[in-house]
Novice: 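This is the structure I want to talk about, given as structure tokens.
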2 protein chains.
Amino acid sequence: MIPGTRRRRQRQDKVTLSDVAQNAGVSAITVSRALRDPEKVSPPLREAILKVVEDMGYVPDLAARALASKNSGLIGVVSPALTSHSFLAVIRGIEDRVRPSDLRIQYASSDTNAEDQLRLLRFFLSQNPAGLIHVGQIGDLAIDELLRRAPCPVVEIMDVSRQPSDMAVGIDHRLAAETATRHLLERGYRRIALLGGAWDFRARRRLEGYQAVLEEAGLFDPALVLSIDSQSSVGLGCHLLGRLKAEFPDADAAFCHNDDIALGALFECQRRGLSVPLDFGICGFNDLDYAGFAFPAITSVRVPRYEIGYRAVDMIIRAAGSGAPPPKLVDLGYQLVQRGSTARQA
Amino acid sequence: MIPGTRRRRQRQDKVTLSDVAQNAGVSAITVSRALRDPEKVSPPLREAILKVVEDMGYVPDLAARALASKNSGLIGVVSPALTSHSFLAVIRGIEDRVRPSDLRIQYASSDTNAEDQLRLLRFFLSQNPAGLIHVGQIGDLAIDELLRRAPCPVVEIMDVSRQPSDMAVGIDHRLAAETATRHLLERGYRRIALLGGAWDFRARRRLEGYQAVLEEAGLFDPALVLSIDSQSSVGLGCHLLGRLKAEFPDADAAFCHNDDIALGALFECQRRGLSVPLDFGICGFNDLDYAGFAFPAITSVRVPRYEIGYRAVDMIIRAAGSGAPPPKLVDLGYQLVQRGSTARQA
DNA sequence: CTGTTAGCGCATTCAA
DNA sequence: TTGAATGCGCTAACAG
């Protein structure tokens, strides 16, 4: 190609539905049907049409389709922690379930405040979405109301301990925290801290579970709940463990809000010459990839994050379909994975 | 609200441009202009219109806008490793630059093969995107050609060692690998392995750099290049280090394709009682959050991933704008961050 | 600076 | 089973 001949910014001759229709000797609507509703077109005609579609390289104009049908085929995902490690697997699940469908996903990362989430949800709603996935965070009334009135299926994901506006899939974070805390008790730890980042809805549920179990054992000490309102990270875990041991040298274990913090705590213990699990026990949350490979391996609560994403999309698809509607609330359950970081005799 | 009164699946009375126009006593196009091109409307009228827009809660219909203007305001991102740790920061950069604009992002995770990438790029192109961001992988001719002819700005990100079809932003992976390998040599390591995952374009460039430096030193041994064709992870790092030490007990360092593998290698060394950095040196790549907090902290090559994402969007916006066009090729540079995992005297 | 006209590409009526 | 007419909501191109 001669340099300068390059036609940037200039739309290629686009193949439209009527182009295909002409070439196939039918009307546009028939082509449309052959594509979206093949069974409404006689087999021979259908095949002929699909062949022309193929030959001409026709690709539907989604904007036109959305405008005409009031159905964008878009699923909006709103999450405050779109780019957190733990959300990656959720995204994978979402993508895998969407791939074989003709839906598309659009992600939006929100702030943690209700206004920003409302803004994004409204934005998606203005596009006639096929569905909405929301990482339920707050229990904000305005959000609830908006989701309840939404003209499309809505799935709130991650936690199921609250009645959803429409549907929900996830686990019960309070229960999970109870299980983890009880495990630490059973291993003989007594001064068990809670190390965390921002106090989102799920974190608060976990605090409740942690607190309930320790109170029952007569071992709850609010001073051992340490957190900093920031995106959690390995660095934060180091910092929090440092603070904990500085203020409470007798602290002998930590239930961490997630594995990043647990890993940071582990490193910090190593740095301070504390033996994990003998001197200090560590339990994480999420069971990320690395938890099982750390040294010692980190006990964690496995959350079926991939499945949550997968099921969320599945529920939307089934809610929109004609078959049996999906259950409104799916508790996928968690699993405590015991590993070296808490492997101490009671 | 009375239960059962809930109107799901039924579009709320939508406010359209002409609704606003009527209420404001102007024509639709004027409202349109007040929104998109405020300077083409007289200030008093503009304010009046914007007030009505606000009051009525008007939200533009993006599908209609896309259809009418042949500009969807959409930037498509195609990457095979959308959900890898190292891509998270890129996404953050992308989102941050997009937020203040009126563009939207849509991500698509591709397979590593050219066909799948072509499919997704074509899909985006059929939507009149405002721009395309592609994690350049292969140097495939068909992809090159497609991107070259694309009627919108295209930015290939991550590596800049190849002439881009349109624009590119990233670093030179080969140079980065040379720097890292040289560092290991300077620290006195002699049997330096390369541990990696799949051999994508960038990984091959890094291999070249690693090989060049070692050959120059007369220390290159192809047997020390270990990789498994899978998404890299901490577990893979453990596995590869195990294999390496089993086959080559004299290996004394590893340059890892990324920090996940480096972390796995570190854990595996600890498990085997190998001292890092005395018995074995480890250098990672990317400088993820945790590298600096590990014990010992992991030497790594800092890649400005956030900036890459940010700049990519910026280049698209500027290429579409009327101002000076952005440079075609932006090398953001890397930085070797020396830490404990290679802190051995030469 | 503002309005009129026309049409983007498709799908939803309806009718045949 | 197929087709014709119509309009989705918006903006480009022109006119005033």
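Just so we're clear, the structure is a prediction, and the values are computed from it rather than from any experiment. Reminder, nothing fancy here: chain letters follow the sequence lines and each chain counts from 1.
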Novice: Treating primed atoms plus P, OP1 and OP2 as sugar-phosphate and everything else as base, which nucleotides of nucleotides 6-16 of chain D get B, S or - for protein heavy atoms under 4.0 Å?
Specialist: -BBBBBB----
Novice: Listing request: all salt bridge (Lys or Arg N to Asp or Glu O under 4.0 Å) pairs with a residue in residues 106-121 of chain A, at least two apart in sequence or in separate chains.
Specialist: A:Asp116-A:Arg119
Novice: Tell me, which pairs form a salt bridge (Lys or Arg N to Asp or Glu O under 4.0 Å) where one or both residues lie in residues 44-61 of chain A, sequence neighbours left out?
Specialist: A:Lys14-A:Asp61, A:Lys51-A:Asp55
Novice: Hey, where on DNA chain C does chain A first and last touch, going 5' to 3'? Cut-off is any atom under 4.0 Å from a heavy atom.
Specialist: C:dG9 to C:dT12
Novice: Taking side chain as C-beta onward, heavy atoms only, is A:Arg162 less than 4.5 Å from A:Asp144?
Specialist: yes
Novice: Using 4.0 Å as the upper bound for N to carboxylate O, is an ion pair formed by B:Arg65 and B:Asp102?
Specialist: no
Novice: Before accepting this row, confirm whether a basic side-chain N of the pair A:Asp166/A:Arg148 lies closer than 4.0 Å to the acidic partner's carboxylate O.
Specialist: no
Novice: What parts of residues 37-50 of chain A reach DNA chain C, counting only heavy atoms under 4.0 Å away?
Specialist: none
Novice: Main chain of A:Val20, side chain of A:Asn23: is a donor-acceptor contact present, judged purely on distance under 3.5 Å?
Specialist: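 Not confirmed, A:Asn23 side chain does not pair with A:Val20 backbone.
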Novice: If you compare every side-chain N and O of A:Thr30 against the phosphate oxygens of D:dG3 (OP1, OP2), does one of them come in below 4.0 Å?
Specialist: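 A:Thr30 to D:dG3 OP1/OP2: side-chain N or O found under 4.0 Å.
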Novice: Do the side-chain N and O atoms of A:Ser101 and A:Arg97 include a donor-acceptor pair separated by under 3.5 angstrom?
Specialist: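 Their side chains do not contain a donor-acceptor pair, so the 3.5 Å distance test is not met.
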Novice: Is there a donor-acceptor contact under 3.5 Å linking the side chains of B:Gln127 and A:Arg104?
Specialist: yes
Novice: Who are the side chain to side chain donor-acceptor pair (under 3.5 Å) partners of A:Arg33, not counting sequence neighbours?
Specialist: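 Result, side chain to side chain donor-acceptor pair (under 3.5 Å) vs A:Arg33: none returned.
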Novice: What verdict does the side-chain contact (heavy atoms from CB on, under 4.5 Å) test give for A:Leu88 and B:Leu88, after you've listed the backbone C-alpha separation in whole Å, the side-chain angles of each residue and the deciding distance to 0.1 Å?
Specialist: CA-CA 9 Å; A:Leu88 287 182; B:Leu88 286 182; 3.5 Å; yes
